Amino acid sequence: MFALFGESRPFKIRSLHANKKYGVAAGDLKELLKKGCSLFELPLSGAHVCLYADGTRVTKEFFATLSANTELVLLGKDQSWGGAACDIAQLLSSDRHAAGLVRAAEGLLSDEKSLKRRKILSDLLRNLEDRSELESRDEDEDWFRGVEARFKTKSAYLKYNCEKRIRSYMKELDEATKSARKAKVRVECLQASESILEMLKSDKFNGRYFDRTQKEPHRLCTREGWFTCQGSFDQTKCASLHSINPYGSRESRIVFGTWNLDHRIEKKRTIIPALMEALQNHTSEDINLTYFYRLLFTRDNLKLVHIVCHKKGAHKLQCDPNKIFKRVNTKRQGKKMRLK
């Protein structure tokens, strides 16, 4: 309607190398260029305007179709603009642009009305809020809000967090072994459970998986604290490339709590029942408890997955029957048979 009568309407305009937007009212392209060049101190000769979104050049005719508050980029004679993706690529090209990206996202968020875009920008800002280089409670008090005072470093707390998850698996195993009805079987189950617990204690409950101070073969994250989703149990990698750094902010630490250490061969449906079945007719000494330990508590069978990649349906993977029992020394077995 404004364009039909040549009336001024507002636009949001920025220059090529600036994140800040300015409101400029103009009734035609010539007026917009004149005001924009004056604002950004650019030569009027050769100046032109593009859409911020996709880099489309604005002509006199195209200008008449633009709605109020369209976001534009003012360019000099030899400058070009490839659209919003160009802006993002420039900011992401180096960590030194992170602060600029935060300012740009904050500026867009304060101006954004679309709930969908507000959600995207909010998520972006959450992930950009990175104080991961700080480690102690004194350095980053906000990160430790809600965390017991006994934890003085981020690594210590996340190590404990991992240990807590692993301990819960041990609790499930204990409950299953106590449910054995026959007294003799219950004794063997108890011995098996105690042997596995000793293995777990010697590995310090594998808390090192979340501890970024550990050496690379042992931790699941980078030295900076970034974790990458390993994909669902039936995939070799995460198709969505989920990643998170719980060391970076309090919110990321809390969200990381929704990530799962998922058993490829399932704990409740498969591993524990297979162990219990083996103990029905065999002693704990006959069973390869190390195999069951590794299935229950180690990366041999555990995958770190984003909650979206955690498939809760039956995995339909079975324990290896050739690994359930210890290898029998055939010579020793033959000697026993002759003695009999």
Side-chain angles (χ1 to χ4, degrees), residues 85 88-106 119-147 151-166 204-233 235-264 297-311:
I88 295 171
Q90 181 182 8
L91 288 167
L92 292 177
S93 62
S94 172
D95 288 343
R96 64 188 175 88
H97 291 302
L101 187 54
V102 170
R103 288 194 298 272
E106 288 175 339
K119 174 64 168 60
I120 293 171
L121 289 166
S122 296
D123 287 347
L124 175 63
L125 283 170
R126 173 173 58 78
N127 285 301
L128 286 173
E129 183 191 354
D130 185 7
R131 295 168 63 83
S132 58
E133 75 279 3
L134 305 179
E135 173 68 9
S136 71
R137 184 181 284 268
D138 293 338
E139 292 174 319
D140 194 356
E141 291 183 3
D142 182 68
W143 191 95
F144 287 88
R145 273 197 294 141
V147 174
F151 296 106
K152 304 302 181 184
T153 65
K154 296 177 180 179
S155 297
Y157 175 75
L158 285 167
K159 179 182 178 183
Y160 164 78
N161 181 274
C162 187
E163 290 175 359
K164 187 177 179 181
R165 298 190 193 205
I166 298 293
K204 298 181 180 179
F205 294 90
N206 292 322
R208 61 180 180 269
Y209 292 161
F210 290 179
D211 181 358
R212 65 178 178 181
T213 66
Q214 295 291 317
K215 293 182 179 180
E216 191 170 0
H218 304 299
R219 64 177 189 257
L220 279 168
C221 59
T222 66
R223 177 62 70 184
E224 294 74 28
W226 281 97
F227 291 82
T228 301
C229 173
Q230 296 175 320
S232 60
F233 77 95
Q235 296 178 333
T236 57
K237 62 180 180 179
C238 173
S240 300
L241 303 178
H242 295 123
S243 62
I244 190 170
N245 189 341
Y247 288 86
S249 68
R250 175 174 173 268
E251 185 170 348
S252 293
R253 167 176 66 77
I254 294 170
V255 171
F256 185 61
T258 66
W259 285 49
N260 295 278
L261 280 172
D262 187 31
H263 291 83
R264 290 185 65 254
F297 304 111
T298 76
R299 294 170 63 181
D300 283 7
N301 190 47
L302 289 172
K303 296 186 76 175
L304 181 67
V305 295
H306 186 284
I307 189 170
V308 172
C309 293
H310 186 200
K311 295 182 180 179

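Quick caveat, the model's predicted, so the values are computed rather than measured.
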Least distance between heavy atoms, L158 atom then W143 atom: CD1-CZ2, 4.2 Å

R253 NZ/CZ over Y157 ring centroid, <6.0 Å and within 45° of normal: yes

pair S252-N245: side-chain heavy atoms closer than 4.5 Å: no

Residues in ring pair (Phe, Tyr, Trp, His ring centres under 6.0 Å) contact with F233, at least two apart in sequence or another chain: H315

Any residue meeting side chain to side chain contact (heavy atoms under 4.5 Å, CB included) with N301, in chain and number order, not counting sequence neighbours: H263, R264, I265, I271, L295

Ring pair (Phe, Tyr, Trp, His ring centres under 6.0 Å) against Y209, all qualifying residues, sequence neighbours excluded: none

For D262, all residues meeting salt bridge (charged side-chain N to carboxylate O under 4.0 Å, His left out), sequence neighbours excluded: none

Residues in side chain to side chain contact (heavy atoms under 4.5 Å, CB included) contact with E141, at least two apart in sequence or another chain: none

Side chain to side chain donor-acceptor pair (under 3.5 Å) partners of R165, counting only residues at least two apart: N161

Donor-acceptor contact present, side-chain T258 to main-chain V255, <3.5 Å: yes

Contact check, side chains of H242 and V305, non-hydrogen atoms, under 4.5 Å: no

Contact summary for K154 and R212, nearest pair of heavy atoms: CD-NH2, 4.5 Å

For K159, salt bridge (charged side-chain N to carboxylate O under 4.0 Å, His left out) partners two or more places apart: none

Backbone of C162 reached by a side-chain donor or acceptor of N206 within 3.5 Å: no

Verdict with supporting geometry, L261 and F210, side chain to side chain contact (heavy atoms under 4.5 Å, CB included): CA-CA 11 Å; L261 280 172; F210 290 179; 4.1 Å; yes

Distance-only side-chain donor-acceptor flag, T222 / E224, under 3.5 Å: yes

Ring pair (Phe, Tyr, Trp, His ring centres under 6.0 Å) against Y247, all qualifying residues, sequence neighbours excluded: none

Set of ring pair (Phe, Tyr, Trp, His ring centres under 6.0 Å) partners for Y160, sequence neighbours left out: F151

Side-chain ion pair, R208 and D211, N-O less than 4.0 Å: no

Closest heavy-atom pair and its distance - C309, C238: SG-SG, 3.9 Å

Atom of T228, atom of W259 and distance for their closest heavy-atom approach: C-CZ3, 4.0 Å

Under the salt bridge (charged side-chain N to carboxylate O under 4.0 Å, His left out) test, residues paired with E163 that sit two or more places apart: none

Closest approach of D140 to R131 (non-hydrogen atoms, all atoms of both residues): OD1-NE, 3.2 Å

Side chain proximity check, V308 to S240, heavy atoms < 4.5 angstrom: no

Interatomic distance, F256 atom CZ to C221 atom SG [nearest 0.5 angstrom]: 8.0 Å

Greater than 12 external heavy atoms within 6.0 Å of I254's CD1: yes

Heavy-atom closest contact (F227 atom, L304 atom, distance): CD2-CD2, 3.4 Å

Set of residues satisfying side chain to side chain contact (heavy atoms under 4.5 Å, CB included) with respect to E139, sequence neighbours excluded: L134, E135, S136

Salt bridge (charged side-chain N to carboxylate O under 4.0 Å, His left out) partners of K311, counting only residues at least two apart: D234

